[in-house]
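The following block contains the structure, expressed as structure tokens.
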There are 2 protein chains.
Amino acid sequence: MNKEDQVISGFRDLYNKLVWLNKSKMEVSLKGHKPSEVHCIEYIGKHADANVTKLAEHFYMTRSAISKIAKKLMEKGLIESFQRPDNKKEIYFKLTERGEAVNRIHEQLHNEFRERDKAVFEPITEAQWDQMMRFVERYSRHLDAEMKNQGVDRTPE
Amino acid sequence: MNKEDQVISGFRDLYNKLVWLNKSKMEVSLKGHKPSEVHCIEYIGKHADANVTKLAEHFYMTRSAISKIAKKLMEKGLIESFQRPDNKKEIYFKLTERGEAVNRIHEQLHNEFRERDKAVFEPITEAQWDQMMRFVERYSRHLDAEMKNQGVDRTPE
DNA sequence: GTCATTTTGTTTCCTTGTCAACAAAATTTA
DNA sequence: TAAATTTTGTTGACAAGGAAACAAAATGAC
């Protein structure tokens, strides 16, 4: 296996581990909320124009799936929907007070993860971060172009 | 958002894009086989001691899920199971001739992906690959230790 | 303006994977 | 060795997400 593949599959494995480990932790602090629900809450908290379509694109999921998650979050009273006066089709979401509370717990948890992994991040130099950032961005743009080429066309963000 | 988070979430997004795009391509060349099936075939092709437990650990999935995928692959005649004379419990898998064929198509596809993304990889220096590798490995080991700490204990590979 | 096309969100049906319970074999403990 | 525990794989019930079909609104073509 060459280095490209090693790095890519290394990152995949790393990502899987993070998901797996953080999920365990989240089940304790955020009992009763699924990871996907919490992720949607996070996104809605950050984006004032969050709707089903935007969420679906961001998470590489179908509108169908997001629609169901949103429904559940509304039933739980964690988000509420609203419309813009000039548009009767698009439905936006925002966090309720209880949703904000969940979001804060989630943020707190993120800080704990950051703290937990501090030792790994510390020795990385500014220059190294920048290199990795540039690599990721370039690869990402390359794939966007590739998707367009292929006619698939789905450009999130 | 700080650089650590940017890099991590950048990689997550990159990974999602890769999965999404490659899935489209695989549906063409490997019609009739799900990604998870193809991944299992790949692993079985590479590991002579592949069994349900090893596959589950590698893919961060439950034994239950793998058991079902394996069942399907056996029905399709892509893999076959065998036992070691000194152990009546563990069941190992190997590829059939048809499984090998699927595996070769998959490998070919991987070469195409590599070719497709060549332009992104070329400007990365040997030193940069090594840096990224070291980062991934260190982080990975850190998380392994963390899992053990937490008593979760699941150390793949 | 009107008609066709696209966008947005929802619902139904189906597939995939998890969870829990289980049986059988292996391993550990005594 | 015998009994308790762990490991391995399977099954059935359930939940999450995808695909397709759909309705309603928005946009575009004319």
Side-chain angles (χ1 to χ4, degrees), chain A residues 16 19-20 23-24 26-27 31-41 43-44 47 49-76 79-93 151-156, chain B residues 16 19-21 23-24 26-27 31-41 44 47 49-76 79-93 151-156:
Chain A
N16 281 335
V19 168
W20 204 88
K23 192 182 157 206
S24 310
M26 292 222 295
E27 274 161 8
K31 208 153 188 96
H33 306 301
K34 304 282 158 185
S36 60
E37 292 170 10
V38 178
H39 291 143
C40 283
I41 287 175
Y43 185 92
I44 294 169
H47 299 83
D49 62 341
N51 61 4
V52 168
T53 299
K54 299 254 175 56
L55 284 159
E57 285 176 351
H58 179 74
F59 292 114
Y60 296 83
M61 290 171 64
T62 59
R63 292 198 305 266
S64 168
I66 300 292
S67 181
K68 289 163 194 168
I69 294 171
K71 193 177 174 184
K72 210 186 295 180
L73 289 176
M74 304 248 298
E75 284 164 3
K76 286 188 184 181
I79 64 173
E80 51 192 23
S81 63
F82 65 96
Q83 312 227 128
R84 299 267 168 75
D86 56 336
N87 189 315
K88 310 209 165 306
K89 188 173 61 161
E90 293 172 11
I91 301 169
Y92 299 91
F93 301 118
V152 192
D153 194 9
R154 58 136 309 164
T155 349
Chain B
N16 281 335
V19 168
W20 203 90
L21 185 54
K23 192 182 159 208
S24 310
M26 293 222 293
E27 274 161 10
K31 205 146 190 106
H33 306 300
K34 302 284 156 181
S36 61
E37 292 170 11
V38 178
H39 291 145
C40 284
I41 287 176
I44 293 168
H47 299 84
D49 62 341
N51 61 3
V52 168
T53 299
K54 298 252 177 57
L55 285 160
E57 285 176 350
H58 179 75
F59 292 115
Y60 297 85
M61 289 171 65
T62 59
R63 292 198 306 268
S64 171
I66 300 292
S67 181
K68 287 164 192 170
I69 294 171
K71 194 178 176 185
K72 210 186 296 182
L73 289 176
M74 305 249 295
E75 284 163 1
K76 287 189 184 180
I79 64 173
E80 51 193 24
S81 64
F82 65 96
Q83 311 228 129
R84 299 266 168 75
D86 57 335
N87 189 314
K88 310 210 164 306
K89 189 173 59 160
E90 293 172 11
I91 301 169
Y92 299 91
F93 301 117
V152 192
D153 195 8
R154 57 136 310 162
T155 349

Item checked: Test side-chain contact (heavy atoms from CB on, under 4.5 Å) applied to A:V19 and B:Y60, step by step -> CA-CA 10 Å; A:V19 168; B:Y60 297 85; over 6 Å; no
Item checked: Whole angstrom value for the distance that separates C1' of D:dA16 from CZ of A:R63 -> 18 Å
Notebook entry, point to check: For A:E90 and A:A65, take the nucleotide of DNA chain C holding the closest heavy atom to each; which residue's nucleotide lies nearer the 5' end?
Noted result: A:E90
Notebook entry, point to check: Expressed in angstrom and rounded to an integer, what is the separation of B:M61 atom CE from D:dT10 atom P?
Noted result: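 Between P of D:dT10 and CE of B:M61: 14 Å.
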Item checked: Nucleotide interval of DNA chain C bounded by contacts with chain B (heavy-atom cut-off, under 4.0 Å) -> C:dT16 to C:dA26
Item checked: Check ion pair B:R84-B:E90 (N to O, under 4.0 angstrom) ->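 Looking at B:R84 and B:E90, the cut-off is not met.
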Notebook entry, point to check: Quick one: which of B:K34, B:H39, B:M61 gives a side-chain contact (heavy atoms from CB on, under 4.5 Å) with B:I69?
Noted result: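 Going through the options one by one, the only one that passes is B:M61.
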Check: So, is B:T53 near the phosphate of D:dG9, with a side-chain N or O under 4.0 Å from OP1 or OP2?
Finding: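 Yes, within the criterion.
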Checklist line | A:F59 CZ to D:dG18 C1', straight-line distance once rounded to whole Å | finding: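 After rounding, the gap between these two atoms is 17 Å.
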Checklist line | Atom of B:K23, atom of B:P35 and distance for their closest heavy-atom approach | finding: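 So the minimum-distance heavy-atom pair works out to CG-CG, 4.1 Å.
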Check: Are the side chains of A:K71 and A:E75 in touch, meaning some heavy atoms are under 4.5 Å apart?
Finding: yes
Notebook entry, point to check: In whole angstroms, how far is the C1' atom of D:dG17 from the CG atom of B:N16?
Noted result: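 B:N16 atom CG is separated from D:dG17 atom C1' by 14 Å.
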Next item on the list: With axes from five pairs an end, tell me the bend angle of the helix from C:dG1-D:dC30 to C:dA30-D:dT1, nearest 10°.
Entry: 40°
Next item on the list: Answer yes or no: is there a donor N or O on one side and an acceptor on the other, between the side chain of A:H47 and the main chain of A:Y43, under 3.5 Å?
Entry: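 Side chain of A:H47 to backbone of A:Y43, a donor-acceptor pair under 3.5 Å: yes, one is there.
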Item checked: Toward the 5' end of DNA chain C, by each residue's nearest nucleotide, B:T62 or B:K88 -> B:T62
Checklist line | Candidate pair B:I91 and B:N51, rule side-chain contact (heavy atoms from CB on, under 4.5 Å), full reasoning | finding: CA-CA 6 Å; B:I91 301 169; B:N51 61 3; 5.8 Å; no
Check: Roughly, in whole Å, what's the span from CD in B:E27 to C1' in D:dA19?
Finding: 11 Å
Check: Tell me, do A:F59 and A:C40 make a side-chain contact under 4.5 Å, heavy atoms counted?
Finding: yes
Margin query: Does B:F93 form a side-chain contact (heavy atoms from CB on, under 4.5 Å) with B:V52? I'd like the steps, not just the answer.
Written below: CA-CA 8 Å; B:F93 301 117; B:V52 168; 3.9 Å; yes
Notebook entry, point to check: Rounded to whole angstrom units, what separation is found between the NE2 atom of A:H39 and the C1' atom of D:dA16?
Noted result: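 The answer, rounded to whole Å, is 15 Å.
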Next item on the list: Take A:I66 and A:T53 through the side-chain contact (heavy atoms from CB on, under 4.5 Å) test and state the conclusion after the steps.
Entry: CA-CA 8 Å; A:I66 300 292; A:T53 299; over 6 Å; no
Margin query: Test side chain to side chain donor-acceptor pair (under 3.5 Å) on B:H33 and B:K76; report intermediate values, then the result.
Written below: CA-CA 10 Å; B:H33 306 300; B:K76 287 189 184 180; 3.1 Å; yes
Notebook entry, point to check: Just how far, in rounded Å, is P of D:dT5 from NZ of B:K89?
Noted result: 16 Å
Next item on the list: Return the residues of residues 66-73 of chain A meeting this criterion: a heavy atom under 4.0 Å from some atom of DNA chain D. Order them by number, or give none.
Entry: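 A:K68, A:I69, A:K72, in order of number.
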Check: So which one's nearest nucleotide on DNA chain D is more toward 5', B:I91 or B:K23?
Finding: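 It is B:I91, whose closest nucleotide lies nearer the 5' terminus.
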